[in-house]
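In what follows, chains are A, B, ... by sequence order, proteins preceding strands, each numbered from 1. The figures here come from the full heavy-atom set of this structure, side chains too, leaving out hydrogens, waters and symmetry mates.
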2 protein chains.
Amino acid sequence: MQQSFESLIDNYLPGQSVDCVIIGYASGELKILLLQWKATKRWSLPGGFILKDEDMDKAALRILKERTTLEFPFIHQFYTFGNYRRRDISNLNKELAAMNINSPKVNEWFRQRFISTGYLAMVNLDKAKPQPDELSIKCDWMPADKLPPLIYDHNDIVAKALEYIKMRVHFLPVGMTLLPEKFTMNELRLLYETILQRSLDRANFQRKMLKLGVLIRLEKHFAGNAHKAPYLYKFDKKMYNAFQKEGIGFV
Amino acid sequence: MQQSFESLIDNYLPGQSVDCVIIGYASGELKILLLQWKATKRWSLPGGFILKDEDMDKAALRILKERTTLEFPFIHQFYTFGNYRRRDISNLNKELAAMNINSPKVNEWFRQRFISTGYLAMVNLDKAKPQPDELSIKCDWMPADKLPPLIYDHNDIVAKALEYIKMRVHFLPVGMTLLPEKFTMNELRLLYETILQRSLDRANFQRKMLKLGVLIRLEKHFAGNAHKAPYLYKFDKKMYNAFQKEGIGFV
DNA sequence: ACAAAAGTGTTATCCTTACACCCATGT
DNA sequence: ACATGGGTGTAAGGATAACACTTTTGT
């Protein structure tokens with residue numbers, strides 16, 4: 001690893017990085033994919049560097065694939081973080097030692113100032129298989145509303161990403177990317193409530209959703225409990241894409 | 001100049017730049033502040049580099065001040081442009097020659113790949129005094145909807161900025177920054193029509209604006225023509241700022 | 001008096017909101 | 001039968017959109 005990363009350094013643009021906020025959804029919570037560092041056990045967003053002949057968007061897609069083994073059809077650049085003192089590198093020596101890295105070149109690389117661009121990706125949690133990289137011991141989903149303290153300004157980056165998804169929920173395919181293939185209207189509404197951080201009227205939400213014409217009603221889902229069985233739905237992908245541009249409006 | 005920029009180079013972050021879309025408004029048009037280069041006579045956005053110990057936002061503010069001699073209370077970072085081949089540097093030698101620059105160091109500086117972050121600023125056109133810099137022969141306002149071909153991907157950058165202002169018009173103080181102190185309701189509506197690229201009903205716009213409670217009605221304005229004299233208005237800045245967070249809604 | 005622009009009024013329609021009601025389901 | 005969640009109904013209030021009407025201005 002030490003060898004390989006040292007030799008790779010020359011292929012990357014110095015001072016530039018990409019951080020990915022990969023959002024999943026499970027048990028009524030938004031989840032963020034995080035990595036845990038070896039020495040300090042602190043958590044961070046999955047990120048990486050940009051190859052000298054690579055578009056920045058492509059770098060984000062590459063990094064996403066490395067972490068989830070998935071291709072992402074949609075990613076969204078949401079903000080670039082360029083404060084002078086955004087990174088605290090006081091633990092750097094400890095981290096590098098834990099990884100058996102003593103190359104001055106690698107040390108210098110991580111000591112430089114980085115300006116980092118944030119990308120948002122959304123994925124059905126069941127499909128993504130987290131892959132810890134060589135720098136980390138763990139790679140896991142954590143609930144977005146109670147994250148641990150992350151390294152650098154990564155908590156700010158997540159906050160910006162959550163604000164972005166909230167602001168643009170009408171233009172993002174949140175239902176199609178975050179839910180499984182089939183879902184109940186209740187599950188869809190809970191997702192919107194989670195993103196928007198407020199409760200939505202059950203009856204009105206259902207009416208509005210159905211009127212859009214992007215949902216296909218399937219068979220009923222018998223959960224085995226003593227209640228009326230709800231219908232399952234799936235998205236009409238053709239319709240959805242047609243509406244996507246002008247915004248799919250729920251309030 | 002040659003001397004000074006060569007010596008300044010070491011103070012800047014390599015590969016990083018900032019481009020500013022400074023928007024003004026006059027005679028019913030949005031205007032963009034552009035610079036004209038010496039040799040090729042091509043136009044570009046005002047931009048600059050980031051000092052090694054400077055926050056990126058601060059760099060944008062510094063560059064804005066250099067071009068307009070104004071302090072900007074609000075700037076908005078809207079996108080970062082990171083495509084590998086976003087800059088066409090085939091005219092670089094000609095440009096440098098026209099500026100009597102033959103320093104290899106300066107040449108190399110401008111030949112590197114740059115990732116550039118776009119910032120939006122808005123200003124009352126009468127207040128801004130364009131300042132051409134040492135690299136340019138002209139600095140002028142040009143109508144946003146019929147810009148000449150700009151260098152690099154600067155036309156894309158302007159397009160993104162215009163899309164940004166359109167999307168977020170409810171949250172941006174467009175009226176307060178782009179109009180003079182006093183204005184008629186017609187002028188305010190025309191500004192919104194220009195930004196949103198569609199016509200708005202005169203009567204309904206007026207009602208909605210007044211109901212918000214952010215306008216103060218002043219004396220009538222007699223233009224000297226054979227029509228009913230419209231009222232002048234100014235913004236109630238306290239009220240405006242209070243409403244700003246939750247969005248000032250016009251459709 | 002006239003034309004044109006500005007201010008205000010009116011109405012139908014739609015959307016939002018809140019809540020009520022009935023229906024289906026396993027125990 | 002019953003409790004509970006799910007589907008649908010309804011009615012008030014507000015927002016929107018389109019257009020009509022009246023007022024004001026200099027010629």
Check your understanding: Just by protein heavy atoms under 4.0 Å, how would nucleotides 18-27 of chain D read 5' to 3' in B, S and -?
Key -> BB---BBBB-
Would you kindly give the [atom1]-to-[atom2] distance between [X] and [N], to the nearest whole Å?
X: Y231(B); N: dT8(C); atom1: OH; atom2: C1'; answer: 11 Å
X: L218(B); N: dG7(C); atom1: CG; atom2: C1'; answer: 16 Å
X: M209(A); N: dG7(D); atom1: CE; atom2: C1'; answer: 16 Å
X: L190(B); N: dA5(C); atom1: CG; atom2: P; answer: 12 Å
X: E187(A); N: dG7(D); atom1: CD; atom2: P; answer: 11 Å
X: H221(B); N: dG7(C); atom1: NE2; atom2: P; answer: 12 Å
X: L215(A); N: dG7(D); atom1: CG; atom2: P; answer: 12 Å
X: L210(B); N: dA6(C); atom1: CG; atom2: P; answer: 14 Å

Check your understanding: Looking at N186(A), does any N or O in its side chain come under 4.0 Å of the phosphate oxygens OP1/OP2 on dG5(D)?
Key -> no
Exercise for review: Respond yes when some side-chain nitrogen or oxygen of Q206(B) is under 4.0 Å from OP1 or OP2 of dT8(C), and no when none is.
Suggested key: yes
For residues 210-228 of chain A, which side-chain N or O atoms pair as donor and acceptor with protein atoms under 3.5 Å away, sequence neighbours left out?
unit_1: R217(A); atom_1: NE; unit_2: Y233(A); atom_2: OH; d: 3.1
unit_1: R217(A); atom_1: NH2; unit_2: Y233(A); atom_2: OH; d: 2.9
unit_1: E219(A); atom_1: OE2; unit_2: K182(A); atom_2: NZ; d: 3.2

Revision key, fill the gap. Taken in chain and number order and not counting sequence neighbours, the residues that satisfy side chain to side chain donor-acceptor pair (under 3.5 Å) with D201(A) are N204(A)
**Study point:** side chain to side chain donor-acceptor pair (under 3.5 Å) against S44(A), all qualifying residues, sequence neighbours excluded
**Key:**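 Counting only residues at least two positions away or on another chain, S44(A) forms a side chain to side chain donor-acceptor pair (under 3.5 Å) with W37(A).
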Practice item. With heavy atoms under 4.0 Å as the rule, sort R217(A) into base, sugar-phosphate or nothing. Key: sugar-phosphate
Practice item. Return the set of residues passing salt bridge (charged side-chain N to carboxylate O under 4.0 Å, His left out) with K234(B) (not counting sequence neighbours), or none when no residue passes. Key: none
Check your understanding: Strictly under 6.0 Å, is that where the ring centroids of F78(A) and H76(A) end up?
Key -> no
**Study point:** Test item: side-chain donor near acceptor, R86(B) and Y152(B), under 3.5 Å
**Key:** no
Distance-only donor-acceptor pairs under 3.5 Å for side chains of residues 119-126 of chain A, two or more places apart:
unit_1: Y119(A); atom_1: OH; unit_2: D57(A); atom_2: OD1; d: 2.5
unit_1: N124(A); atom_1: OD1; unit_2: D126(A); atom_2: N; d: 3.0
unit_1: N124(A); atom_1: ND2; unit_2: L179(A); atom_2: O; d: 3.3

Point to revise | Along DNA chain C (nearest heavy atom to each residue), the more 5'-positioned of R189(B) and K211(A) | key: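 Residue closer to the 5' terminus by nearest nucleotide: R189(B).
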